[in-house]
Enquirer: 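What follows is a structure written as structure tokens; I'll ask about it next.
Note on naming: letters A, B, ... go to the chains in the order of the sequence lines (proteins, then strands), and numbering restarts at 1 for each one.
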Number of protein chains: 2
Amino acid sequence: MASYYAPSVAQLIEELAKLPGVGLKTAQRLAMHLVKRPEAEVEALARALLLARRKVMHCASCQNLTDEDPCEICADSSRDVSRICVVSDPADVVAMERMREYRGLYHVLHGLISPMDGIGPDELHIRELLNRIREGEVEEVILATDPTIEGEATAMYLARLLSPLGIDITRIARGLPEGGDLEYADEATLARALEGRRPISREQDKD
Amino acid sequence: MASYYAPSVAQLIEELAKLPGVGLKTAQRLAMHLVKRPEAEVEALARALLLARRKVMHCASCQNLTDEDPCEICADSSRDVSRICVVSDPADVVAMERMREYRGLYHVLHGLISPMDGIGPDELHIRELLNRIREGEVEEVILATDPTIEGEATAMYLARLLSPLGIDITRIARGLPEGGDLEYADEATLARALEGRRPISREQDKD
């Protein structure tokens, strides 16, 4: 269908349609919009794409996306290094920081255990978390994965894995609505969930 | 909110959020997706953006978007130069061509008369249409603007403007659903609408 467009427009439509949630109609609409915009604006978008893709890396410590290693949070000496909040995605760090109540560090797994999608523990950044804990400064790991099936499974897996290490393992409280997404939680709900965190019963881990 | 992201990611989110229909949440989701994709894929998108923006121009004759002037359709000697189909947008040309029944030429107005949005006849490519008709080869102008208030107003305006020129002026039939959008019409509906086109009564033009 795109072949009735000028080749350069057809090519742009094809590339835009590869984005998640962007169908052919949306890609066409975006392309029509973009070719009408001032050249400087389109250049700014192209530059931002290349810069973000080339510059962004994983923080060697917390695995969050960052332009500099260590990331701003890991490099901040005012943060409480005895606490690590484990989340699935960088957007979850943003949600936590927006709350302005948590002063510990993070660990970004970049996914959740999901056998349906072929994602097991080895696909997540769990080894790096173990290494950080073994360095000895960590006293508490807060499991802040989404309150979904995958998030719960990942939290349970980590609780079992970390329990021999002699640190507190907590789970953010179910102040979050069931089946919800941490990334979209409002600040108050998230704050309550953090406040109400409780140790994971070791009983629960025996199966 | 974006400021909790790495600066390069925040910048990308900001640029993406400028796109029509893309809110902050969608921009964040797209940015998170893009920084995880292979660099070659992101480069392909950036290249397509720049190429389309820099290469695309208006065909000097029909005003459609094209990489070469005259455009492929205007340069095609097998097309019927005695007919011009007037549409509002390049996407409408795509819809017409997809039908594979029309062999005449096009004229793209790049908009519709819309006093609410401050778009009058001078903002559209109407002068270029008059020049084409004055060259003398045109026998019929098919007004194929959307069957909406703006599309009808534009068609009526053009019918009145062109009626002294002694050519047939037709309007695509109301086979299109009222209030619909030509761009999204299915081929059969569009073919019926083209087939059922009828001369605009000169009576109607007197107000």
Enquirer: Chain A heavy atoms under 4.5 Å from B/N64: which part of the residue, side chain, backbone, both or neither?
Expert: neither

Enquirer: Distance-only, no hydrogens or angles: does the A/R53 side chain make a donor-acceptor pair with backbone N or O of B/R37 under 3.5 Å?
Expert: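 Checked: pair present.
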
Enquirer: Can you check whether B/Y5 reaches A/L65 side chain to side chain, under 4.5 Å on heavy atoms?
Expert: no

Enquirer: With a 4.5 Å limit on heavy-atom distance, are the side chains of B/V9 and A/T66 in contact?
Expert: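 No, too far: nothing below the 4.5 Å cut-off.
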
Enquirer: Looking at A/I149, I want to see if its CD1 is surrounded by more than 12 non-hydrogen atoms of other residues, nucleotides or ligands under 6.0 Å.
Expert: no

Enquirer: Hey, does A/L34 have a side-chain heavy atom less than 4.5 Å from the side chain of B/L19?
Expert: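 Yes, side chains in contact.
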
Enquirer: Which of the residues B/A95, B/A52, B/C71 is involved in the greatest number of heavy-atom pairs with chain A at under 4.5 angstrom?
Expert: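 Between B/A95, B/A52, B/C71, the count favours B/A52.
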
Enquirer: So which residue, A/P20, A/A48, A/P7, ends up with the most heavy-atom pairs under 4.5 Å with chain B?
Expert: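 Top option by heavy-atom pairs under 4.5 Å: A/P20.
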
Enquirer: Tell me, do B/V56 and A/L12 make a side-chain contact under 4.5 Å, heavy atoms counted?
Expert: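 No, their side chains stay 4.5 Å or more apart.
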
Enquirer: So which of A/R29, A/E41, A/Q11, A/E68 has the biggest tally of heavy-atom pairs under 4.5 Å with chain B?
Expert: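 Option with the greatest count: A/R29.
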
Enquirer: Given a strict heavy-atom distance threshold of 4.5 Å, which part of A/R47 is in contact with chain B: side chain, backbone, both, or neither?
Expert: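 Neither the backbone nor the side chain of A/R47 comes within 4.5 Å of chain B.
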
Enquirer: Which members of residues 111-124 of chain A, sorted by number, sit under 4.5 angstrom from chain B on a heavy-atom basis?
Expert: none

Enquirer: Heavy atoms only, distances under 4.5 angstrom: which of A/K36, A/K18, A/M32 has the most pairs with chain B? Name it, please.
Expert: A/M32

Enquirer: Please state whether the side chain, the backbone, both or neither of B/L16 comes within less than 4.5 Å of a heavy atom of chain A.
Expert: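 Looking at B/L16, backbone and side chain both touch chain A.
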
Enquirer: Is there a side-chain contact between B/V93 and A/Y4 in this structure, where contact means two heavy atoms from C-beta onward sitting under 4.5 Å apart?
Expert: no

Enquirer: With a 3.5 Å distance limit and no angle check, can you tell me whether A/D67 reaches the backbone of B/A6 through a side-chain donor-acceptor pair?
Expert: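 Side chain of A/D67 to backbone of B/A6: no pair is present.
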
